[in-house]
Number of protein chains: 2
Amino acid sequence: MAGMKIAAWNVNSVRARLDRLVEWLKNTQPDVVCLQELKCTDAEFPREAVLEAGYHAAVHGQKTYNGVAILARTPPQDVVSGLSDGVEDSHARVIAATVDGVRVVSVYAPNGQQVDSPAYVYKLEFYARLRRYLDTRHKPGEPLALCGDWNVAPEDLDVWDPVAWQGQTLFTEKEKAAWRELCAFGLTDTFRSLYPAEKKFSWWDYRMLAFQKNQGVRIDHVLATGPLVKRLTAAGVDREARKGKQPSDHAPVWAEFKAG
Amino acid sequence: MAGMKIAAWNVNSVRARLDRLVEWLKNTQPDVVCLQELKCTDAEFPREAVLEAGYHAAVHGQKTYNGVAILARTPPQDVVSGLSDGVEDSHARVIAATVDGVRVVSVYAPNGQQVDSPAYVYKLEFYARLRRYLDTRHKPGEPLALCGDWNVAPEDLDVWDPVAWQGQTLFTEKEKAAWRELCAFGLTDTFRSLYPAEKKFSWWDYRMLAFQKNQGVRIDHVLATGPLVKRLTAAGVDREARKGKQPSDHAPVWAEFKAG
DNA sequence: GCATGTGGCG
DNA sequence: CGCCACATGC
């Protein structure tokens, strides 16, 4: 693997955000981008515009909701859509592909709505299923990156006000436990590993001027296995991309790995 | 009265078209603008942005449908909303005001939907009521301009294909007769009086690439009484404003009067 | 708040 | 085709 910058961005409709996405690709020049919430079918995905910007796309789309993709400068290989675990599940939340020797998975974890709602139960099950997906298909010694919107803020440092967030969806003990259980496969939160004390966010509610007041949470993460973490040189949140007119409610997050 | 350029534009939602309207005001610098189809209430009308562009506004708004306004460099005087003829009518289709000594009326005539439908009957009645409005309040010897979307193409020259339009709403004999009866008050179609043989349009359907094929109709008109017609120097359609992204389906029409 | 879809209207 | 309204998701 050459040096590689991997980003993850919940775009909240790739068609509504196409101009911003293309602009951001041109300015940021990541090697791989995991997109979430495409909110379009495979056929509706703007392949041409993305290709013009220099990226091939592996797309697992869905009408109106969810939808994930992996963009890369070279065509993604061995694309696998979904968890393929036999569970009835119409949500397009996972796509995997190999890029330049690294297995990349774009993940849009369920939001969970209200605590103990069916959606919340589904969210916890999704995390368990994803852990089994890794156990079945991968080893922690392989170069593997899982990137996306995880809808979990793992620690107090990851929400703007831990007291206000106490017991709220994205920040409950059960969700954090599901997250830790996933990471226990052998995954490292790249941003947090480099910056153990940084309070940076990746999502801000559209309402109540949350972004202007920096009342956000860090729920978008680039997770990596040991072989990649060894090469980790930088990680961050592209807060600029949340500014201006008609932004996504999420900022892109990214991690950079040196050649090895 | 100083020299005066009066325009009329059905903007098809003033909020959806605000950027285009402001841009057009800055480029075109009309003295008076009659707007139709505001599709917003008085409270929702973007007064600030319009004022920043240099225009005061008299607004007769309505939620979702209709809505008319008069913009002017100096505050419109003696504003009168509606026909005030005692008829039950919730449609905001008429507003009048005096600007620089000229009585200006912004009119959004009913579309009429299908021939002989209740909406069609309402349209014919609207024309008769407007004629009575003029008879009651004005004299043909006063400087008076009625400007707006009349939803009538008065002559064969005013539709792209008179055969195709034969008997269609906007072009039926009854509508043309209602239009002539209104004009018989003492009003002149400024554009047609200057250009008796010009085939120019002011509205093109959003569908079927009608604008690209120039398959339009001329249904937006600046009507003026004798004292103004004497000063008429130019009239036209601002076809450019119908181009580009997210245009109104109407182009602005205008007439220019010299000082007198 | 800002997306999505649907359905009415022109 | 492109407004509006309304419902629904996050």
Side-chain angles (χ1 to χ4, degrees), chain A residues 10-18 20 36-41 44 61-67 91-93 108-115 117-120 122-123 149-152 168-170 202-213 215-217 219-220 242 244-250, chain B residues 10-18 20 36-41 44 61-67 91 108-115 117-120 123 149 151 168-170 203-213 215-217 219 242-250:
Chain A
N10 179 322
V11 287
N12 187 15
S13 173
V14 72
R15 287 177 300 170
R17 221 72 60 203
L18 183 56
R20 291 185 78 107
Q36 297 82 42
E37 281 208 88
L38 305 178
K39 291 188 173 178
C40 69
T41 61
E44 293 163 339
Q62 180 184 335
K63 184 174 166 156
T64 312
Y65 302 109
N66 312 313
H91 296 203
R93 296 186 173 278
Y108 176 43
N111 170 285
Q113 295 182 171
Q114 300 305 305
V115 176
S117 67
Y120 183 84
Y122 170 70
K123 179 177 189 172
D149 175 0
W150 297 91
N151 272 313
V152 171
Q168 301 296 308
T169 314
L170 312 186
S202 67
W203 178 82
W204 300 260
D205 199 303
Y206 281 125
R207 293 163 289 191
M208 296 174 292
L209 301 169
F211 182 68
Q212 286 80 349
K213 298 188 241 170
Q215 297 182 343
V217 296
I219 58 179
D220 301 271
R242 174 62 233 252
K245 288 219 156 195
Q246 293 182 310
S248 166
D249 43 356
H250 294 254
Chain B
N10 178 322
V11 288
N12 188 13
S13 171
V14 70
R15 288 178 298 171
R17 220 73 58 206
L18 183 56
R20 290 185 79 107
Q36 297 81 43
E37 282 208 85
L38 304 178
K39 290 188 173 178
C40 69
T41 62
E44 293 163 337
Q62 180 184 334
K63 184 176 165 150
T64 312
Y65 301 109
N66 313 313
H91 296 204
Y108 176 45
N111 170 284
Q113 294 184 166
Q114 299 306 306
V115 176
S117 66
Y120 183 84
K123 179 177 190 172
D149 175 0
N151 272 314
Q168 301 297 308
T169 314
L170 312 187
W203 178 82
W204 299 261
D205 200 304
Y206 280 126
R207 293 162 288 190
M208 295 173 293
L209 302 169
F211 182 69
Q212 286 79 350
K213 297 189 241 168
Q215 299 182 341
V217 295
I219 57 178
R242 172 66 231 250
K243 297 181 181 175
K245 288 218 158 196
Q246 293 182 312
S248 166
D249 42 356
H250 294 254

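Each chain gets a letter, A, B and so on, in the order the sequences are listed, and its residues count up from 1.
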OG/A/S202 to CG/A/D249 distance, rounded to the nearest 0.5 angstrom?
-> 10.0 Å
Residue-phosphate contact under 4.0 Å: A/Q113 side-chain N/O, D/dC10 OP1/OP2 = yes
Given that A/Y206 and A/Y65 both sit by DNA chain C, which one's nearest nucleotide is further toward the 5' end?
-> A/Y206
Using the six-membered ring wherever Trp is involved, compare the ring planes of A/W204 and A/F211 and label them parallel, tilted or perpendicular (cut-offs 30° and 60°).
-> perpendicular
A/D149 CG to A/E37 CD distance, which is reported to the nearest 0.5 Å | 7.0 Å
Between D/dG2, C/dG1, C/dA3, spot the one nearest the side chain of A/A16, thanks.
-> C/dA3
Quickly work out the A/K245 NZ to C/dC2 C1' distance and round it to whole Å.
-> 14 Å
Proximity to the side chain of B/N12 - top-ranked nucleotide from D/dG9, D/dC10, D/dC3 | D/dC3
State whether the side chain of B/R17 and the backbone N or O of B/L38 hold a donor-acceptor pair below 3.5 Å, judged by distance alone.
-> no
Is any side-chain N or O of B/R15 closer than 4.0 Å to OP1 or OP2 of D/dC3?
-> no
Using a cut-off of strictly less than 4.0 Å, decide whether A/Q246 has a side-chain nitrogen or oxygen near OP1 or OP2 of C/dG1.
-> no
Quick one: is D/dC4 close enough that its OP1 or OP2 comes under 4.0 Å of any side-chain N or O from B/S13?
-> yes
Atom-pair distance (CD on B/E37; P on C/dC9), nearest Å | 14 Å
Between D/dC4, D/dG2, D/dG9, which nucleotide has the shortest distance from any of its atoms to the side chain of B/T64?
-> D/dC4
Run the side-chain hydrogen bond (donor to acceptor under 3.5 Å, both in side chains) check on B/K39 and B/N12 step by step: do they pass?
-> CA-CA 7 Å; B/K39 290 188 173 178; B/N12 188 13; 2.8 Å; yes
A/L18 CG to C/dT4 P: how many Å, rounded?
-> 12 Å
From CG of B/N66 across to P of D/dC3 the rounded distance in Å is 17 Å
When the distance from CE of B/M208 to P of D/dG2 is rounded to whole Å, what number comes out?
-> 13 Å
Phosphate oxygens OP1/OP2 of C/dG10: is one of them under 4.0 Å from a side-chain N or O of B/R207?
-> no
Find the distance B/K63:NZ to D/dC6:C1' and express it as a whole number of Å.
-> 10 Å
Starting from P on C/dG10, measure out to NE2 on B/H250 and report it in whole angstrom.
-> 12 Å
Which nucleotide sits closest to the side chain of A/K39: C/dA3, D/dC3, D/dG2?
-> C/dA3
Tell me: NZ of B/K123 to C1' of C/dG10, nearest whole Å?
-> 12 Å
